[in-house]
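Lettering follows sequence order; numbering is per chain, from 1.
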Amino acid sequence: VKNRVRELRLAEGLSQAVLAEDLGVSRQTVNSIEAGRYLPSLPLAFAIARHFATAIEDIFTPESDRDTTKEER
Amino acid sequence: MPRSTARSRQALSAAVLSVGGGGLAVATWISGSHGLAVGVLGAYLVGGVIAFFWAGGNGDVAAVLRANGDERQRTLDRDATALSAIAMSVAAIAGSIVAVARSGAPGDFGVICVVGGVSYTAALITLRLRR
């Protein structure tokens with residue numbers, strides 16, 4: 001699963017530490033999510049989506065969906 | 001988490017090490033190895049002090065030491081515990097086999113195997129009922 005957390009965070013000009021505090025997790029966890037090493041739980045994914053005022057599927061995309069989109073292009 | 005709670009959890013990891021080390025030191029003292037007992041106590045106290053300051057940090061290990069952490073850190077702790085349990089199980093089973101070959105009985109390793117097997121079964125049944 002790919003995600004746009006880093007992209008959205010940078011667009012808001014936030015540091016990982018500030019976003020982490022807002023989400024109630026550690027900075028390392030935000031870093032791991034951005035790097036794709038850790039897949040957040042549904043509640044945390046919802047919290048991330050709520051923070052960026054967007055839908056979960058706009059932030060997290062399954063690899064298979066990305067492949068399909070590429071093929072369609 | 002309130003600062004006082006974080007502080008008490010930080011102290012808890014140091015206390016567990018110190019009390020555990022104290023118990024081991026008392027047992028060593030009773031066995032007659034007084035010098036070793038003092039050494040064990042000293043080593044565990046130093047470990048307790050290190051754990052106290054380490055648990056005060058912001059890293060993953062600190063969070064696990066404080067037994068709080070976020071969902072990822074709890075997952076790290078759970079997975080590390082599972083890997084450790086696998087290593088201990090392998091050691092206990094191998095020890096039992098060696099003990100049986102030597103004396104015909106699994107001895108203490110057998111007790112560890114039974115505890116592991118029973119606790120695993122109980123945990124599996126409980127978790128299946130809850131999920």
**OP:** Enumerate by number any residue of residues 18-28 of chain A whose heavy atoms lie under 4.5 Å from heavy atoms of chain B; in the absence of such residues, state 'none'.
**Re:** A/Gly24, A/Val25, A/Ser26, A/Gln28

Subject >> Identified side-chain contact (heavy atoms from CB on, under 4.5 Å) counterpart of B/Arg72 within the set A/Thr29, A/Ile33, A/Val30 >> reply: A/Thr29

Subject >> Residue-level interface, residues 35-54 of chain A with chain B, non-hydrogen cut-off under 4.5 Å >> reply: A/Tyr38, A/Pro40, A/Ser41, A/Leu44

**OP:** Can you tell me which residue pairs pass the ring-ring contact (aromatic ring centres under 6.0 Å, His included) test with a partner in residues 33-77 of chain B, sequence neighbours excluded?
**Re:** B/Trp29-B/His34

Only pairs under 3.5 Å count here: list side-chain donor-acceptor contacts from residues 75-95 of chain B, not counting sequence neighbours, and write none if there are none.
from	atom 1	to	atom 2	distance (Å)
B/Thr75	OG1	B/Glu71	O	2.7
B/Thr81	OG1	B/Asp77	O	2.7
B/Ser89	OG	B/Ala85	O	2.7

Subject >> Connected via hydrophobic side-chain network under 4.5 Å: A/Val1 and A/Leu8 >> reply: yes

**OP:** Identify whether A/Ile56 and A/Ile59 are in the same connected component of the hydrophobic contact network (ILVMFWY, side-chain heavy atoms under 4.5 Å).
**Re:** yes

Original post:
Shared ILVMFWY cluster between B/Leu17 and B/Leu24, side chains joined below 4.5 angstrom?
Top reply: yes

